[in-house]
Amino acid sequence: MSSPAKFRNRVKISERHGAGEWTIEKLLLAALMPLGLWVASSAVTLAGADYGAVAAWFGNGLNAALAVLAAVAFCGFGALAWKVIVEDYIHRPGNKALLLVVVNILFFALAAASVFFIVRLALGSAPLPAGV
Amino acid sequence: MTHPNPTSGDARDDQTGRFVTQPNGHVRPLSPHISVWRWHITMAASILFRVTIGAMTVAALIALAWLAAAAAGPDAYAGALAFAGSPLGLFIGFGLTVVLFSFILNGARHLINDTGAALTIKPANLLSAIAVWGPIPLAVLFWIALFATGRVSL
């Protein structure tokens, strides 16, 4: 923080990790463009499909892998995008820090639960709750 | 002429931007230039992208519920499918496609503008108009295709 400001092309570069977070957010958004089109085409495939067709669809490793990628990329992007929104509108340090913790927990849980269900479907695991 | 700092809590604790600290350290009310504005399509696109990110978060929760139903076996999935085919389910489904296409078109606009391209008035207006209005015809075409191919029916 106390080091003198550094400049590149006469533009001040971020003192800590802000620029890195911005780059990651943009790379995730760029990855979500083709993944979003794939989600739309998958929605056409799966619209109105019965359980057997959905199970078979997830049984294809490519579909399961792309679904995991889409879920993780979206949750990473969502956490960073919500961080920007929270930082724009919430200025009391305590509230801001608390909201950012909530945002990170929510998107981490969303990603973890999505991957858990997708992996179970891809492996053809017994229906949840298993072992009952 | 002296301009004492206001001691009232309102100005000191201001979170609204109605008061600003002048270079001399005095706290003064902000001049009302901020209320002088009109709508631009670029502004609408920017605001809608934030709204879309919020809506996509809700959409992700709905997708998670669908995954959970599938992982919970044939009975639970049949229940989810019956709800998705109901009038309310189809309405939510239409909304989900509008949100998805809005995310793709508006995200593409943002990525293009982030590279420094299309920031002059005409291309910025064009990209914004596509991002704002494009999702609706795309979603309508999407659902026409679903009904026409018999994947969905009322």
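Computed from heavy atoms alone, side chains included, the values below leave out hydrogens, waters and symmetry copies. Owing to the predicted nature of the structure, the values given are computational and were not obtained by experimental measurement. Convention: sequence-line order gives letters A, B, ...; per-chain numbering from 1.
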**Q** Below 4.5 Å from any heavy atom of chain A, which atoms of Trp143(B) appear? Answer side chain, backbone, both or neither.
**A**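 Neither; nothing under 4.5 Å.
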**Q** In this structure, would Ile62(B) and Leu88(B) fall into the same cluster of hydrophobic residues linked by side-chain contacts under 4.5 Å?
**A**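 Same hydrophobic cluster.
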**Q** Indicate, with yes or no, if Ile112(B) and Leu105(B) share a hydrophobic cluster defined by side-chain heavy-atom contacts under 4.5 Å among Ile, Leu, Val, Met, Phe, Trp and Tyr.
**A**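 No, Leu105(B) does not connect to Ile112(B) through the hydrophobic network.
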**Q** Over all heavy atoms of both residues, which pair between Ala40(A) and Phe142(B) is shortest? Give the atoms and the distance, please.
**A**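 Reported closest heavy-atom pair: O-CE1, 3.5 Å.
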**Q** Is there a path of hydrophobic side-chain contacts, each under 4.5 Å between heavy atoms, that joins Ile144(B) and Phe94(B)?
**A**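 Yes; Phe94(B) is reachable from Ile144(B) via cluster members.
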**Q** Test of understanding: clusters of I, L, V, M, F, W, Y form through side-chain heavy atoms closer than 4.5 Å, transitively. Do Phe107(A) and Val72(A) belong to the same one?
**A**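 Linked within one cluster.
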**Q** Under a 4.5 Å heavy-atom cut-off, does chain A meet the side chain of Leu81(B), its backbone, both or neither?
**A**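 Just the side chain, heavy atoms under 4.5 Å.
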**Q** Nearest 0.5 Å, please: how far is CG in Leu61(B) from CG in Leu106(A)?
**A**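 Separation between the atoms: 6.5 Å.
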**Q** Verify the neighbour count for atom CZ of Phe108(A): are there more than 12 heavy atoms of other residues, nucleotides or ligands below 6.0 Å?
**A**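 At most 12 heavy atoms, drawn from other residues, nucleotides or ligands, come within 6.0 Å of this atom.
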**Q** For Leu35(A), is it the side chain, the backbone, both, or neither that has a heavy atom closer than 4.5 Å to a heavy atom of chain B?
**A**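 Neither part.
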**Q** Can you tell me how far CG of Leu32(A) sits from CG of Leu111(B), rounded to the nearest 0.5 angstrom?
**A**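 Reported to 0.5 Å precision, the distance equals 9.5 Å.
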**Q** Looking only at non-hydrogen atoms, find the nearest pair between Gly73(B) and Pro127(A) and report the distance.
**A**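 Shortest heavy-atom separation between Gly73(B) and Pro127(A) comes out as CA-CB, 3.6 Å.
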**Q** Can you find a heavy atom in the side chain of Val84(A) that is under 4.5 Å from one in the side chain of Arg50(B)?
**A**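 Sidechains of Arg50(B) and Val84(A): in contact.
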**Q** Carefully, step by step, assess Trp22(A) and Asp114(B) under the rule side-chain contact (heavy atoms from CB on, under 4.5 Å).
**A** CA-CA 10 Å; Trp22(A) 186 87; Asp114(B) 283 334; 3.8 Å; yes
**Q** Considering non-hydrogen atoms only, spot the tightest contact between Ala70(B) and Tyr51(A) and give its length.
**A**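 That would be O-CE1, 3.3 Å.
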**Q** Between Ser125(A) and chain B, with a heavy-atom cut-off of 4.5 Å, which part of the residue counts as in contact: side chain, backbone, both or neither?
**A**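 It is neither, since no heavy atom gets under 4.5 Å.
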**Q** With a 4.5 angstrom heavy-atom cut-off, which part of Val54(A) approaches chain B: side chain, backbone, both or neither?
**A**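 The side chain, not the backbone.
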**Q** Anything under 30° is parallel, anything over 60° is perpendicular, the rest tilted; go ahead and classify Phe103(B) against Phe74(A).
**A**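 Plane angle over 60°, so perpendicular.
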**Q** I'd like to verify something: which residue of Phe58(A), Trp82(A), Phe117(A) has the highest number of heavy-atom pairs under 4.5 Å with chain B?
**A**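 Top count of heavy-atom pairs under 4.5 Å with chain B: Phe117(A).
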**Q** Kindly compute the distance separating OG (Ser114(A)) from CH2 (Trp66(B)), expressed to the nearest 0.5 Å.
**A**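 Answer for the OG-CH2 pair, Ser114(A) versus Trp66(B), is 11.5 Å.
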**Q** Please classify the contact of Ile104(B) with chain A as side chain, backbone, both or neither, using a heavy-atom distance under 4.5 Å.
**A**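 Both backbone and side chain.
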**Q** Is Ile92(B) linked to Leu138(B) within one hydrophobic cluster, defined over Ile, Leu, Val, Met, Phe, Trp and Tyr using a side-chain heavy-atom separation of less than 4.5 Å?
**A**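 The answer is no; the residues belong to distinct hydrophobic clusters.
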**Q** Provide the closest heavy-atom pair for Leu29(A) versus Gly107(B) in the form atom of the first, atom of the second, distance.
**A**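 Result for this residue pair: CD2-O, 3.8 Å.
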**Q** Given heavy-atom pairs under 4.5 angstrom as the criterion, report whether the side chain, backbone, both or neither of Phe116(A) touches chain B.
**A**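 The answer is neither part of Phe116(A).
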**Q** Heavy-atom distances under 4.5 Å only: say whether Ala47(A) touches chain B with side chain, backbone, both or neither.
**A**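 Its backbone and side chain both get close to chain B.
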**Q** Do the ring planes of Phe49(B) and Phe77(A) sit parallel (below 30°), tilted (30 to 60°) or perpendicular (above 60°)?
**A**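 Tilted.
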**Q** My understanding is that only residues two or more places apart in sequence, or in another chain, count here; which of them pass side chain to side chain donor-acceptor pair (under 3.5 Å) with Asp75(B)?
**A**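 Listed in chain order: nothing, the list is empty.
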**Q** Roughly how far apart are Glu25(A) CD and His110(B) NE2, rounded to 0.5 Å?
**A**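 Atom-to-atom, Glu25(A):CD and His110(B):NE2 are 7.5 Å apart.
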**Q** Please classify the contact of Leu67(B) with chain A as side chain, backbone, both or neither, using a heavy-atom distance under 4.5 Å.
**A**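 Both parts, heavy atoms under 4.5 Å.
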**Q** Side chain, backbone, both or neither: which part of Ala84(B) has a heavy atom under 4.5 Å from chain A?
**A**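 Contact with chain A is absent: no heavy atom of Ala84(B) under 4.5 Å.
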**Q** Starting at CG of Leu110(A), measure out to OG1 of Thr57(B) and round the result to the nearest 0.5 Å.
**A**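 Atom-to-atom, Leu110(A):CG and Thr57(B):OG1 are 8.0 Å apart.
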